[in-house]
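Before any comments, here is the structure.
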Amino acid sequence: MRPVRIARPKGTRDFEPEEMRARRWLEEFLRERFQSYGYEEVLTPTFEHARLFEEKSGEEILEEMYVFEDKKGRRLALRPEMTAPVVRMYNDSLKTRPHPLKLCYFVNCFRYEQPQRGRWREFWQAGVEVIGSSEPEADVEVIELTHGIFDDLLPSDAFETRVGHLGILRGLLEEHGIGEEKQNKVAHLVDKGELDEVREVLPEDAAERVLQIVTAESVDEVEEAISGAEPAEEALENLLTISDQLKEAGVDHELDFSVARGLDYYTGMVFEIHVPELGGGSQCAGGGRYDTLVRDLGGPDVPAVGMAIGFDRLLMALKVYDRIPEDAFEETRALLIPLVKSGKVWEVARELRELGWVVDVEVSGKNIRKALSMADAKGYDYAVIIGERELEGGYISVKNLETGDQEEVPLDEIERAAEV
RNA sequence: GCCGCGGCAGCUCAGCCUGGUUAGAGCGCCGGCCUGUGGAGCCGGUGGUCCCGGGUUCAAAUCCCGGCCGCGGCCCCA
């Protein structure tokens, strides 16, 4: 057969061993953090029925979705995000558990976009969802949890937390008799900063009030813009309650009435965390309240709030700020060099591994010089030599590759190998 | 989807503007000096569909067109 070389698909990445170490380290950090708050990990299929996302995800996401037909003609999609699948799973099998339910996940997602810095077609999200509480405390916890992760991993001036509330906009538009679909459209325009367009879409009085909110520099201005529109006033109050609690909890943040977010299912508080140093793709986390999604996907009328961290972007930020620990996986690593063919080699390897060592057995027949050279190149801590002499004498030769010291360690005191 | 820059050895790149022997360098890898002792040094070797396709030409890594991929930006998002 003629050899062919197939390239990696556009927007995807290979991860080499060094990169995987850093990724595993961060993944474990996030998992442990989520679990320490009582969130339990779930996993859903990589693909779902396309309709799951088409119902409530919003136009932009749909245009970027990987949709395909399977052999039976079912329309499926690679998940572009994780909230809808978690809600689907909740409606399928979790809704009878004690509420509120706290769930977390770590998964790859797919979007057909033009790749650039911080943006890939396959990327990873780590997130949480709280299903079954409409109280501001739930919003506060989700923001506090997210903020705390960034605060522990990055310098405090490296990131910004912005909190807004879609209920203000939605509530106001509702007062003007404007339906959900148009609300979504306005939210998108606001998100894009296309404020002139807002005027074209809305009646003049509504448009004026929306623009006043979005460009507001103080809470007072917003209050003025929405006065008389009761749902919007309640939303603002809700946002201020959340903000006050965040302040008391020491969570540094700013209010931003233009945070709209591109997902149509958000109904209340919305927030984003940015790392400005990353440039274009600076948004590293985002989330908010979605009180109607569970019902809209055929489940009970249950409120929910959640967030997702852009895993790859967070890792990028950690690299920029040099915050990836070198010794994240501290372990003793040894090359076992057999100079004879003997089953004893495997026995010794096993015993050393029981001590917690990583033991790489040299299996390519290298002579001792070559083997030591390779152990050095791989950065190992020890070389363990087993030859004729060792077999006859009942010991192993353990060489510390950093100091160059070498000692004979009797087989029945093998734990002394670590002292060399 | 749009704009800009790029693609040559495993890696980083020179050569391209001004077409012309056998396409180079450094690093890496393999081996020797060195038959049971690494890192340094010296010597040698290994290395390439010059991204793909088409065009111009006596002749293309080099010029032109298209595509693919990468990087950066816009938009949006994570």
Side-chain angles (χ1 to χ4, degrees), chain A residues 2-14 16 57-65 79-83 105-127 146 150 187-194 259-263 270-275 278-287 306-317 335 337-340 362 364 366-391 396-408:
Chain A
R2 183 154 20 105
V4 281
R5 212 161 155 161
I6 314 285
R8 179 160 32 86
K10 183 169 179 163
T12 62
R13 292 161 291 167
D14 294 319
E16 298 184 8
S57 285
E59 224 172 291
E60 266 94 14
I61 292 234
L62 295 187
E63 284 166 12
E64 299 160 355
M65 207 155 64
R79 57 179 168 224
E81 55 100 23
M82 197 50 181
T83 300
Y105 56 83
F106 179 84
V107 298
N108 50 350
C109 295
F110 306 84
R111 289 182 201 171
Y112 190 89
E113 290 190 279
Q114 216 45 251
Q116 64 184 58
R117 180 173 161 87
R119 195 166 81 187
W120 300 274
R121 289 185 174 178
E122 182 187 22
F123 59 98
W124 274 258
Q125 287 195 338
T146 314
F150 282 77
H188 283 295
L189 293 174
V190 167
D191 199 33
K192 285 190 192 177
E194 290 173 6
V259 176
R261 310 200 43 74
L263 296 162
V270 284
F271 78 103
E272 299 175 342
I273 294 183
H274 287 259
V275 177
L278 294 183
S282 70
Q283 191 190 320
C284 287
M307 71 85 184
I309 292 173
F311 178 82
D312 311 272
R313 288 184 181 177
L314 176 56
L315 193 62
M316 265 174 84
L335 182 69
I337 307 170
L339 299 175
V340 288
E362 209 299 300
S364 72
K366 283 185 168 54
N367 66 33
I368 190 162
R369 183 186 308 283
K370 295 263 155 59
L372 284 170
S373 173
M374 186 191 79
D376 182 55
K378 286 197 178 188
Y380 285 167
D381 303 297
Y382 290 101
V384 175
I385 300 151
I386 301 180
E388 297 280 350
R389 295 176 207 155
E390 284 79 6
L391 281 185
I396 55 176
S397 294
V398 177
K399 186 182 181 78
N400 182 319
L401 290 174
E402 202 181 326
T403 63
D405 295 341
Q406 180 169 327
E407 281 179 37
E408 295 169 359

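Here the structure is a predicted model, which is why all the values come from computation and not from measurement. Here is the naming used below: chain letters follow the sequence lines, and residue numbers restart at 1 for every chain. Excluded from the calculations below are hydrogen atoms, water molecules and symmetry mates; all remaining heavy atoms, backbone and side chain alike, are included.
Taking atom P on both nucleotides, B:C63 is separated from B:C16 by 9 Å, rounded to a whole Å. Atom name P, nucleotides B:C65 and B:C17: the rounded distance is 15 Å, in whole Å. Rounded to whole Å, the separation between the C1' atoms of B:C29 and B:C68 comes to 30 Å. Remark: the separation of the C1' atoms in B:G67 and B:G6 is 16 Å, to the nearest Å. Going from the P atom of B:G72 to that of B:U35 covers 50 Å, rounded to whole Å. Nucleotides B:C77 and B:C11 place their C1' atoms 33 Å apart, quoted to the nearest Å. Comparing the same atom, P, in B:A78 and in B:A40 gives a spacing of 48 Å after rounding to whole Å. One C1' atom belongs to B:G31, the other to B:G53, and the distance between them is 41 Å to the nearest Å.
Across the strands present, B:G6 finds its partner in B:C69; the criterion is a Watson-Crick or G-U wobble pair with both atom distances under 3.5 angstrom. Base pairing of B:C33: its partner is B:G41, meeting the Watson-Crick or G-U wobble criterion (both donor-acceptor distances under 3.5 Å). A 3.5 Å limit on both hydrogen-bonding distances identifies no Watson-Crick or G-U partner for B:C50. The partner of B:A14 cannot be assigned: no Watson-Crick or G-U wobble pair with both contacts below 3.5 Å exists in any strand. Both distances falling under 3.5 Å, in either a Watson-Crick or a G-U wobble arrangement, place B:C58 opposite B:G20.
The two residues A:Phe271 and A:Gly306 have their closest heavy-atom pair at CE2-O, 4.3 Å. Heavy-atom minimum distance, A:Phe123 versus A:Pro80: CZ-O, 4.0 Å.
The residue A:Ile385 sits close to a base: some heavy atom pair falls under 4.0 Å. Backbone-only contact: A:Gly11 has heavy atoms under 4.0 Å from sugar-phosphate atoms and none from a base. A:Arg389 comes within 4.0 angstrom of a nucleotide base, judged by non-hydrogen atoms across all strands. Using a 4.0 Å heavy-atom cutoff across all strands shown, A:Trp124 reaches no nucleic acid atom at all. Base contact: A:Arg369 has a heavy atom under 4.0 Å from a base atom. Using a 4.0 Å heavy-atom distance criterion, A:Lys399 is classed as a base contact. Within 4.0 Å (heavy atoms only), A:Glu390 reaches at least one base atom of the nucleic acid. Within 4.0 Å of A:Gly127, counting heavy atoms only, lies no atom of the nucleic acid at all.
In this entry the distance linking NZ of A:Lys366 with C1' of B:G36 reads 17 Å, nearest Å. Nucleotide B:G72 holds its C1' atom 13 Å from the NZ atom of A:Lys10, rounded to whole Å. Atom CD in A:Glu272 sits roughly 11 Å away from atom P in B:C76 (whole-Å rounding). The distance from atom CE of A:Met307 to atom C1' of B:A78 is 12 Å, rounded to the nearest whole Å. Taking atom CG on A:Asn367 and atom P on B:G38, their separation rounds to 10 Å, with Å as the unit. Note: CD (A:Gln114) to C1' (B:C5) measures 15 Å, nearest angstrom. In this structure, CZ of A:Arg117 is placed 20 Å from P of B:G6, rounded to the nearest angstrom. In this entry the distance linking CD of A:Glu362 with P of B:U37 reads 16 Å, nearest Å.
Closest to the side chain of A:Pro115, from the set B:G38, B:G70, B:G32, is B:G70. Comparing B:A78, B:G1, B:G36 by their closest approach to the side chain of A:Tyr112 singles out B:G1. Of the candidates B:G36, B:G38, B:A78, B:A78 carries the atom nearest the A:Glu113 side chain, counting heavy atoms from C-beta on.
Residues A:Leu372 and A:Leu335 are not in side-chain contact: their nearest non-hydrogen atoms beyond the backbone lie 4.5 Å or more apart. Between A:Arg313 and A:Gln283, some side-chain heavy-atom pair lies under the 4.5 Å cut-off. Contact check for A:Tyr112 versus A:Arg121: side-chain heavy atoms found under the 4.5 Å cut-off.
Distance check: A:Thr403 OG1 to A:Tyr382 OH gives 8.0 Å after rounding to the nearest 0.5 Å. The distance from the CD1 atom of A:Ile396 to the CG atom of A:Leu391 is 11.5 Å, given to the nearest 0.5 Å.
A donor-acceptor contact under 3.5 Å is not formed by the side chain of A:Arg111 with the base of B:C76. At a cut-off of 3.5 angstrom, counting only N and O atoms as typed in the model, there is no donor on one side facing an acceptor on the other between the side-chain of A:Gln116 and the base of B:G70. Counting atom types as modelled, A:Glu122 pairs no side-chain N or O with a base atom of B:A78 as donor and acceptor under 3.5 Å.
Contact annotation: A:Lys370 reaches the phosphate of B:G32 (side-chain N/O to OP1 or OP2, under 4.0 Å).
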For the pair A:Glu81 and A:Arg111, evaluate side-chain contact (heavy atoms from CB on, under 4.5 Å) and give the outcome as yes or no after the intermediate values.
-> CA-CA 9 Å; A:Glu81 55 100 23; A:Arg111 289 182 201 171; 3.8 Å; yes
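When the nearest nucleotides of RNA chain B are assigned to A:Asn400 and A:Arg119 by heavy-atom distance, the more 5′-ward of the two goes with A:Asn400. Of the two residues near RNA chain B, A:Leu372 and A:Ala377, the one whose nearest nucleotide lies more 5' is A:Ala377.
For the pair A:Phe311 and B:A78, the ring geometry does not qualify as stacking, because the centroid separation below 5.5 Å and plane angle under 30° are not jointly satisfied.
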